[in-house]
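Reviewing the structure listed below.
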Amino acid sequence: MAIITLNKKQFEKEIGKLDEKMQNKIAMFGTTVEGFNDKEIEIEVFPNRPDMLSYQGFKRSFLSFLGKTSGLKKYKIYKPEKDYKIKIDSSVKNVRPYTACAIVKGLHLDDEKIKEIIEIQEKLHTTIGRKRKKVAIGIYPLEKIKLPIIYKAIEPDKIKFIPLETQKEMSGLQILQRHPAGKEYAHLLAGKIKFPIFIDANKNILSMPPIINSKSTGKITEKTKDVFVECSGFDFYTLNKCLEIIVTTLSEMGGKIYQMELGYPKKQTTPNLKSEKMKLSLNNTNKLLGLDLNEKQLKKLIEKMGHDYKKNYVETPAWRTDILHEVDLIEDVAIAYGYENFIPEIPQISTIGQENQKETIKRKISGILTGMSMIEISNYHLTNKNDQFKKMGLKTKDFIEVKESKTDYKILRENLAHYLLKILSENIDSEYPQKIFEIGKVFETKESDFAKVKGGERFREGQISKPQQRAGGYGDDRAISRVREVGGGITESEHLAAAITPGNFTELKQIIEYLSKMANIKIKLKEPEEFPPHFIEGRVAEICLVDDEKFARTNINSKFKGGSEPLGEDLGGNKRANLENTKVIGFIGEIHPKILKNWRIKMPVTLFEIDLEEILES
Amino acid sequence: MELKKILESLSPNERKIIPYLNENIKEICKKSNLDRVSVIRALEYLQNKGIIKLSYEIKKIIEIGINGALYRKKGLPERRLLNLLDEKRILKLQDAQKQSKLSNDEFKASIGALKKKAFIEVKNGNVMFIGNKEEISKKSLEELFLETLPLEYDSLKSEQLHALNTLERRKDIIQTKNAKKVGIKITEIGKKISESKEKTQDLIEQITPAMLKKESSWKGKKFRRYDVSSPVPNISGGKRHFVNQAIDYARRIWTDMGFKEMTGNIVVSSFWNFDSLFTAQDHPVREMQDTFFINKKDSLPDKKLVKNVKKSHEKGTEGSKGWQYLWDEEEAKRLVLRTHTTCISSQTLSQLKKDEFPAKFFAIGKCFRNETVDWSHGFEFNQTEGIVVDPNANFRNLLGYLKQFFTKMGFEKIRFRPAYFPYTEPSVEIDVWNPGKKVWLELGGAGIFRPEVTIPLLGKHIPVLAWGPGFDRSIMDYYQVKDLRELYKNDLTKLRKMKFWMK
């Protein structure tokens, strides 16, 4: 978002006193006052209004909004004089194909105005110019240039001139390598065999867009009366808009706008400042805004925003880049009407509210656990490799990294367990016992997904757990939680993790059993064949979700054994049937002292983590 | 309090110690047969009741050190050496050390100490006993001193000070500690209480199951009075995280207002996060500077939708000019961490059937942006999202829903002002008044989806009221949290103290 700085004295002289009422007016125009002091006012301009990125542009629109002027502002345009020509060489086609140019004469520049010109140039570069990629602007003192001008592309080593802010002649490549502006924007010419230049009739290079102007011709001063303006880039439409914003700004400063002839294969002249026609229907306006305006009111309102109203359509200014559709004009009507004047109203329509089922269950689980004096915590979804892998005794692999993170949080978390230990380690001075839990999303790649984790592939690489020799394929489909693929092989699932310290296996098992009973989730704890290495062997269990339907069908025997209580029971000794009816959803166990030491935790910790997706979907 | 009431309020422990208040704590413990902690607690209660006045002074206490404890058992090194020499009379220095089993340091210190007392003489590498039997049989000052430790520094006599002085220089024989000494002064009331002959032995302390049996043994007895205003230790219970409490409340507001909850993934394609919301592919928000990209791509949804979105961007749909550029499918496939929950709205709209209008949806969820972390910024934030799909919806309705929601959230003054988002027109910025700071707080954006958004998603233009203001500021405002990082800090001490969302 762009902030423009206005001269307060000038503002108060030409627009009005900056009192509270005026500040409110500015806000209601869609441009907030960000701050001010005795000398300056800072105003925020939204990116859809590059025409307001200078004081002149802001004043033009705002005076109209205040009702001091009205309708479409007209600027006189003079036809090109002799040699007001740009030859566009076909060599620029694959480099930076377009330019739109103009000459503005009769300027009386002072420090303030030069500052404003430089500022609008910069602001346009960063906004609609997309950091000079889409549009680069050059403004030159005309007295130092001999017309006509050629726009062409030549080999970088043939380009030789003294760029602004240096004393030495440089070649095209040297500029990219050494000049500060060259270094900053070098990527815009990367891979190009030829670089674009503007060159005048005396064979003086004026500039190398989109990088830098020449020192001898590229700087306007207080003595400058007439200027040559060029915009170069890839999209002729945007270049024109940009040129029109600049020349009208210069015209507001007292300059006369002259067109130039552009020698594309087809001859063109810029700028035209031709207004655009856009449909505006009274009916659509009233319907979308919920108002009851008549045509006279509509005309008055839309003209306050600098447009001319005709029957069913409006003439919009050439320098407005944001009018894509009738709705953009309707918003202008709304702004002119004043957002503060709309009466909010809720329509009488009947709809049924509904919370997402998953959220309900998550909230209930949280309620059950807090009822057992547990404190819910909430962590970032992003984490770092050291916490997620190294401190947990895991090999650093299969992580999902976000690009160019500005903090240490660079990967998406794949479990909650490491975050729980992190929080315990940060709270070693807080009162004990500490009982915490978190419900939240974790992210896995296909390579690292839950199934595979439980398949043990990762744990075998961990340094702690020594899984027993596996009998047959443990990592079969049974263990795979339904893959919730997001795209790109990434899955997202809700997990629940809880930890208590000091606390032993029994205490936490009591908690998870209570939870499972209260939430009507059937689970069973079993000795695992493999487990995450942060647990102590012999004090860790896998938590299996028991599928009730299948349980009833395949394991009738257990009924006779009073086996309606699946927790921890050996279900009728029918191990095969059990395997088919259960799904591993997580682990519970005591944390290995080595891991506790990694985290500098001074008390024993017991922890469980489960995948909630199966439960939430039931 | 009158005397009688005070008497009735005395706990059994307090009653036990009252007769011994003239003694020091050690004695009180001994005589009352209570441990030190109980005695001190009882004394504090007695003070609360105005019976005594406690004073505390810091006393320097001389205690026995690790080596000192050892020497107290085995004898000081010089004693052990002296005993040896008494027997052997003369020994070579190294033999003396070997036979006395002293370490280097101990041996040197012992030689020095014995020489000073003229018990021995060292000559030509020999050590010789020269003292007389009678004298050496007496305990030295140091030995006497060690035996009497611990002692208060202030009570030391001059010879004890001398012993302290010599022992202090040797390793770990003694140590000094600061101890809090409690002084007890009996007040006027206290004197009356201790002199009182009134019987208070029959007060009931605890109601026991036995008392409640048939006999009703409590009949005719009095209950010991409590000091109901005396402070009790803090406790804290289990608690939902305060951010989630706020979210639960917001969720209830939306459902009360007839909105149905939408949920969605955090990792989404640029297509849903940006393209379906008419955000041009060269828009600055789509740079890594602002958004978290993941180095993977998603597949695009059904072809018709993709085609319509492409058209919308390139040339516009039905009366729109579009953004006038070449739209790239590959760019749309790039995965991002959602930058707003509005991507859930666009997915919902794409699945909506025509007979479902009017429809109202909401979502609350985490969103992400590539930011550094400070008191007012973070890379994660909560957003609350809403859409109303209604052929008759208008701008005033949009303001109506927003005003209702934020009023229920507890904001009294709400302001709407013009704003800009690529996917809404008209667009609104929502401000709420903070009466404490006397400033408008910017909460976030809303608007009516542009036809360039709705036509590809719904097949035709129906006004869709939409909003997605950030939620963290409202949370911070309610809980008076000044630093955004507190929302993710999980400081258990603070979480235990954090008040509930009482709405």
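- In this structure, the portion of B/Lys297 lying under 4.5 Å from any heavy atom of chain A is its backbone and not its side chain.
- Across all their heavy atoms, B/Pro463 and A/Leu288 have their closest contact at CB-CD1, 4.2 Å.
- Counting heavy-atom pairs closer than 4.5 Å to chain A, the top residue among B/Leu399, B/Asp491, B/Asn397, B/Asn295 is B/Asn397.
- Shown here for A/Ala27 and B/Pro418, the closest heavy-atom pair between the two residues is O-CD, 3.6 Å.
- Here the straight-line distance linking atom CZ of A/Phe437 with atom CZ of B/Arg240 works out to 7.0 Å at 0.5 Å rounding.
- Looking at B/Val428, the atoms closer than 4.5 Å to chain A (heavy atoms on both sides) sit in the backbone and in the side chain alike.
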Q | Derivation of the side chain to side chain contact (heavy atoms under 4.5 Å, CB included) call for A/Leu291 and B/Asn394 | A | CA-CA 9 Å; A/Leu291 295 177; B/Asn394 64 43; over 6 Å; no
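- Contact check for B/Leu402 versus A/Pro344: no side-chain heavy atoms found under the 4.5 Å cut-off.
- In this structure, the side chains of A/Val327 and B/Ser320 stay at 4.5 Å or more apart for every pair of heavy atoms.
- In this structure, the portion of B/Phe362 lying under 4.5 Å from any heavy atom of chain A is its side chain and not its backbone.
- Only the side chain of B/Arg251 comes within contact range of chain A, with heavy atoms under 4.5 Å apart.
- For B/Glu287, the part lying under 4.5 angstrom from a heavy atom of chain A is the side chain only.
- Heavy atoms closer than 4.5 Å to chain A are found in the side chain of B/Glu452, but not in its backbone.
- Within the 4.5 Å cutoff, no side-chain heavy atoms of A/His381 are placed close to those of B/Leu337.
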Q: Please step through ring-ring contact (aromatic ring centres under 6.0 Å, His included) for the pair A/Tyr380 and B/Tyr488, ending with a clear verdict.
A: CA-CA 7 Å; A/Tyr380 291 123; B/Tyr488 301 91; 4.4 Å; yes
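- Classification of the A/Phe46-B/Tyr420 ring pair by plane angle, with boundaries at 30° and 60°, yields tilted.
- Proximity to chain A (any heavy atom under 4.5 Å) is shown, for B/Arg252, by neither the backbone nor the side chain.
- Interface remark: A/Met374 contributes backbone atoms only to the contact with chain B (heavy atom separation under 4.5 Å).
- Distance check, rounded to the nearest 0.5 Å: CD of A/Glu355 to NZ of B/Lys260 gives 13.0 Å.
- Proximity to chain A involves both the backbone and the side chain of B/Ser427, based on heavy atoms less than 4.5 angstrom apart.
- For a residue to count as touching a neighbouring chain, one of its non-hydrogen atoms must lie under 4.5 Å from one of that chain's; by this rule B/Pro358 touches chain A with backbone and side chain alike.
- The choice from A/Glu404, A/Glu401, A/Arg130, A/Glu340 that makes the most heavy-atom pairs within less than 4.5 Å of chain B is A/Arg130.
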Q: Evaluate the side chain to side chain contact (heavy atoms under 4.5 Å, CB included) criterion for residues A/Thr32 and B/Arg417: first the C-alpha distance (whole Å), next the side-chain angles of each, then the deciding distance (0.1 Å), finally the verdict.
A: CA-CA 9 Å; A/Thr32 317; B/Arg417 59 186 165 83; 2.8 Å; yes
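- With a 4.5 Å cut-off on non-hydrogen atoms, A/Phe29 touches chain B through its backbone but not through its side chain.
- Of the listed residues A/Leu424, A/Thr407, A/Leu289, the one with more heavy-atom pairs under 4.5 angstrom with chain B than any other is A/Leu289.
- For the options A/Glu359, A/Lys133, A/Lys287, heavy-atom pairs under 4.5 Å to chain B are most numerous at A/Glu359.
- Across A/Val402 and B/Ile294, no two heavy atoms sit closer than the pair CG1-CG1, 4.2 Å.
- For the atom pair A/Asp235 CG and B/Asp282 CG, the distance stands at 9.0 Å (nearest 0.5 Å).
- With a 4.5 angstrom heavy-atom cutoff, B/Ile448 touches chain A only via side-chain atoms.
- Smallest separation of non-hydrogen atoms from B/Leu495 and A/Glu376: CD1-O, 4.0 Å.
- Both the backbone and the side chain of A/Leu324 have a heavy atom closer than 4.5 Å to some heavy atom of chain B.
- Interface residue B/Phe259: only backbone heavy atoms are found under 4.5 Å from chain A.
- Side-chain N/O atoms of A/Tyr237 and B/Lys321 include a donor and acceptor closer than 3.5 Å.
- When side chains are defined from C-beta on, B/Arg496 counts as touching A/Ile375, because their heavy atoms get closer than 4.5 Å.
- Residue B/Thr493 touches chain A through both its backbone and its side chain, counting heavy-atom pairs closer than 4.5 Å.
- With a 4.5 Å cut-off on non-hydrogen atoms, A/Lys435 does not touch chain B at all.
- Closest of all the heavy-atom pairs between A/Leu382 and B/Glu380 is N-OE2, 3.4 Å.
- Looking at B/Thr372, the atoms closer than 4.5 Å to chain A (heavy atoms on both sides) sit in the backbone and in the side chain alike.
- Residues B/Gln289 and A/Lys406 meet the side-chain proximity criterion, which asks for heavy atoms closer than 4.5 Å.
- Residue B/Gly264 comes nearest to A/Glu492 through the heavy atom pair O-OE2, 4.4 Å, listed as atom of the first residue, atom of the second, then distance.
- Within the 4.5 Å cutoff, side-chain heavy atoms of A/Phe342 are placed close to those of B/Phe395.
- Residue contact with chain B, scored on non-hydrogen atoms closer than 4.5 Å, involves the backbone and the side chain of A/Asn48 alike.
- In this structure, B/Asp390 CG and A/Ile349 CD1 are separated by 4.5 Å, a value rounded to the nearest 0.5 Å.
- In this structure, CG in A/Asn379 is found 12.0 Å from CG in B/Leu487, a value given to the nearest 0.5 Å.
- The greatest number of non-hydrogen atom pairs below 4.5 Å with chain A, out of B/Asn244, B/Asp256, B/Val243, is found for B/Asn244.
- Contact annotation for B/Trp440: neither backbone nor side-chain heavy atoms come within less than 4.5 Å of a heavy atom of chain A.
- Chain B forms the most heavy-atom pairs under 4.5 Å with one residue out of A/Ile423, A/Ile330, A/Asp328, and that residue is A/Asp328.
- If you tally non-hydrogen atom pairs under 4.5 Å between each of A/Glu326, A/Gln434, A/Glu426, A/Lys279 and chain B, the highest count goes to A/Gln434.
- Of the atoms belonging to A/Lys422, not a single heavy atom falls under 4.5 Å from chain B.
- Considering NE2 of B/His241 and CD1 of A/Ile439, their distance stands at 12.5 Å, rounded to 0.5 Å.
- Taking the six-membered ring where the residue is Trp, the centroids of A/Tyr409 and B/Phe379 are separated by under 6.0 Å.
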Q.
side chain to side chain contact (heavy atoms under 4.5 Å, CB included) for A/Ile346 and B/Lys403? Distances and angles first, verdict last.
A. CA-CA 9 Å; A/Ile346 294 186; B/Lys403 191 172 178 200; over 6 Å; no
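- The closest side-chain heavy-atom distance from B/Ile266 to A/Phe443 is below 4.5 Å.
- A/Ile400 places none of its side-chain heavy atoms less than 4.5 Å from the side chain of B/Val267.
- Note: A/Pro347 leads A/Gly338, A/Pro347, A/Gly371 in heavy-atom pairs under 4.5 Å with chain B.
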